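A short worksheet on the structure shown next.
In what follows, every chain begins at residue 1, and chains take the letters A, B, ... in the order their sequences are listed. Please read all numbers here as calculations on a predicted model, not as lab measurements.
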2 protein chains.
Amino acid sequence: MDYKDFENCGLKKALNMVSGKWKPMILHFLFHYGEYRFNDLWRSMPKVSKKVLTEHLRQMEEQGLIKRREVNGFPLEVYYHLSEKGRELGPILAALDEFGNS
Amino acid sequence: MDYKDFENCGLKKALNMVSGKWKPMILHFLFHYGEYRFNDLWRSMPKVSKKVLTEHLRQMEEQGLIKRREVNGFPLEVYYHLSEKGRELGPILAALDEFGNS
DNA sequence: AAACAAAGTTACCTAAAAGTAACCTTCTTG
DNA sequence: CAAGAAGGTTACTTTTAGGTAACTTTGTTT
């Protein structure tokens with residue numbers, strides 16, 4: 001039982017997926033609204049920079065938590081929503097929330 | 001439904017308790033061994049500095065996740081173990097681990 | 001033709017987290 | 001009486017995360 005057990009464990013990966021200053025909040029909005037646009041997210045989180053918001057969204061997309069949907073037209077609209085995998089986080093985040101509140 | 005809902009939510013607090021480069025690993029060892037000494041923890045995690053290990057342990061103690069027990073004698077021994085609250089994290093971390101592995 | 005809108009990107013800067021190496025205290029052991 | 005062990009602390013450096021402001025592209029509106 002040593003630290004190497006840890007380098008590739010699921011816990012580490014999972015915590016990585018939600019750690020990032022704004023990621024829990026992104027998830028919160030996507031759980032609540034289902035689909036949400038880039039600028040709406042941005043305006044909902046007044047202190048986040050577009051740069052960081054983009055980075056967070058890209059990472060979460062890569063990790064399979066969320067999906068990006070472009071709607072052509074002008075101006076271009078980009079919608080984000082949770083993937084099936086992302087939705088599985090629901091009960092886990094709820095448990096964490098309860099834990100943190102108790 | 002805005003970002004202020006988030007500033008003091010349990011989820012934020014809970015994620016805070018486990019975020020820190022070595023915190024999940026500290027929990028991992030404490031869950032596995034029950035009680036573990038400072039230097040044993042330190043030697044089990046070859047790349048952590050004593051400074052950061054101490055900081056993490058202090059924070060987790062403040063947040064009520066772990067307890068510190070001194071055994072007088074020479075050299076002095078300090079044992080760390082999970083509190084009751086800390087043990088409640090067990091199933092949640094297990095769920096995260098499963099999530100991260102799937 | 002200028003202004004605006006969405007969804008970014010870019011170059012640069014600041015702040016926060018973590019790392020390094022030396023040092024400290026209290027005793028025991030060689 | 002020097003060295004070592006446990007459990008740290010301290011001052012300083014490096015690395016990483018996040019922030020800022022300006023700019024870009026494609027088209028629509030005024």
Side-chain angles (χ1 to χ4, degrees), chain A residues 3 6-7 12-30 33-63 65-81, chain B residues 3 6-7 12-30 33-63 65-81:
Chain A
Y3 75 96
F6 230 78
E7 299 305 331
K12 208 176 153 180
K13 283 181 211 159
L15 287 173
N16 228 292
M17 291 182 191
V18 297
S19 73
K21 187 162 174 184
W22 305 97
K23 283 182 191 173
M25 203 151 142
I26 292 171
L27 289 169
H28 168 74
F29 283 111
L30 297 186
Y33 290 116
E35 257 200 335
Y36 218 44
R37 291 203 333 218
F38 181 86
N39 267 329
D40 291 332
L41 268 174
W42 183 62
R43 282 190 278 262
S44 302
M45 303 185 267
K47 286 162 284 194
V48 70
S49 62
K50 283 181 166 193
K51 178 191 153 245
V52 170
L53 181 55
T54 310
E55 283 168 5
H56 282 13
L57 289 168
R58 294 275 178 277
Q59 287 166 20
M60 294 168 87
E61 201 191 350
E62 261 177 49
Q63 292 162 331
L65 288 187
I66 62 172
K67 306 216 162 166
R68 184 177 180 279
R69 185 169 70 87
E70 281 192 15
V71 176
N72 279 69
F74 296 95
L76 168 73
E77 293 182 337
V78 176
Y79 288 87
Y80 289 93
H81 61 277
Chain B
Y3 75 97
F6 230 78
E7 299 305 329
K12 209 176 154 181
K13 284 181 212 162
L15 288 174
N16 229 290
M17 292 182 191
V18 298
S19 74
K21 188 162 174 184
W22 305 96
K23 283 182 190 174
M25 203 151 141
I26 292 171
L27 290 169
H28 169 73
F29 282 110
L30 297 186
Y33 289 116
E35 259 200 333
Y36 219 41
R37 290 202 333 216
F38 181 85
N39 268 329
D40 291 333
L41 268 174
W42 183 61
R43 281 190 280 262
S44 301
M45 302 186 266
K47 285 162 283 194
V48 69
S49 61
K50 283 179 165 194
K51 179 191 153 244
V52 170
L53 182 54
T54 308
E55 283 168 5
H56 281 13
L57 288 168
R58 294 275 179 278
Q59 287 167 22
M60 292 167 88
E61 202 191 348
E62 260 178 49
Q63 291 162 333
L65 287 186
I66 63 172
K67 305 215 163 167
R68 185 177 179 277
R69 183 169 70 89
E70 281 191 17
V71 175
N72 279 68
F74 296 95
L76 168 74
E77 293 183 335
V78 176
Y79 288 88
Y80 289 95
H81 62 278

Do the side-chain N or O atoms of A/Y79 get closer than 4.0 angstrom to the phosphate oxygens (OP1, OP2) of C/dA6?
no

Taking only Lys NZ, Arg NE, NH1 and NH2, and the carboxylate oxygens of Asp or Glu, determine whether B/R58 and B/E62 approach each other closer than 4.0 Å.
no

Just the rounded figure in Å: distance from C1' of D/dG7 to CG of B/D40.
12 Å

How long is the line joining OH of A/Y36 and P of C/dA7, in whole Å?
12 Å

Could you walk me through whether A/K67 and A/E61 pass the salt bridge (Lys or Arg N to Asp or Glu O under 4.0 Å) check?
CA-CA 6 Å; A/K67 306 216 162 166; A/E61 201 191 350; over 6 Å; no

Give the nucleotide from the list C/dA6, D/dA6, D/dT26 with an atom nearest to the side chain of A/P75.
C/dA6

Rounded to whole Å, the CG-P distance (B/N72 to C/dT26) equals 13 Å

If I take atom CD in residue A/E70 and atom P in nucleotide C/dA7, what distance separates them, rounded to the nearest angstrom?
10 Å

Decide salt bridge (Lys or Arg N to Asp or Glu O under 4.0 Å) for B/E35 and B/R69; before the verdict, give the C-alpha distance in whole Å, the side-chain angles of both, and the deciding distance to 0.1 Å.
CA-CA 9 Å; B/E35 259 200 333; B/R69 183 169 70 89; 2.9 Å; yes

Find the distance A/K21:NZ to C/dT14:P and express it as a whole number of Å.
16 Å

What is the distance from CG of A/N39 to P of C/dG8, rounded to the nearest Å?
9 Å

Would you indicate whether the side-chain heavy atoms of A/R37 and A/Y80 approach each other to under 4.5 Å?
no

Are the side chains of A/M25 and A/V48 in touch, meaning some heavy atoms are under 4.5 Å apart?
no

Taking only the side-chain nitrogens and oxygens of B/K47, find out if one of them lies under 4.0 Å from OP1 or OP2 of C/dA18.
no

Nucleotide N/O of nucleotides 9-15 of chain D paired with protein N/O under 3.5 Å:
none

Checking all strands, does B/G20 fall into the base, sugar-phosphate, or nothing category for heavy-atom contacts under 4.0 angstrom?
sugar-phosphate

Between B/R68 and D/dG8, is there a side-chain N or O to OP1/OP2 distance below 4.0 Å?
yes

Among C/dA18, D/dG18, C/dT20, which nucleotide has an atom closest to any side-chain atom of B/H56?
C/dA18

Send over the distance from B/E55 CD to C/dT20 P, rounded to a whole Å.
14 Å

Should A/Y80 be listed as having a side-chain N or O under 4.0 Å from OP1 or OP2 of C/dG8?
yes

From D/dG8, C/dG19, D/dT26, nucleotide with atom closest to A/F74 side chain
D/dT26

Between atom CG of B/L53 and atom NZ of B/K51, what is the distance when rounded to the nearest 0.5 Å?
11.5 Å

Ring-plane angle category for A/Y36 and A/F29, please: parallel below 30°, perpendicular beyond 60°, tilted otherwise.
parallel

Between B/W42 and D/dA5, is there a contact of a side-chain N or O with OP1 or OP2 at under 4.0 Å?
no

Figure out the CG/C1' separation between B/L53 and C/dA17, and round it to whole Å.
15 Å

Is there a side-chain polar atom (N or O) of A/R43 under 4.0 Å from OP1 or OP2 of C/dA5?
no

Options C/dA18, C/dT20, D/dG19, nucleotide nearest the side-chain atoms of B/V52
C/dA18

Quick one: which of C/dA7, D/dA6, C/dA18 gets closest to the side chain of A/L76?
C/dA7

Less than 4.5 Å apart, any side-chain heavy atom of A/M60 and any of A/M17?
no

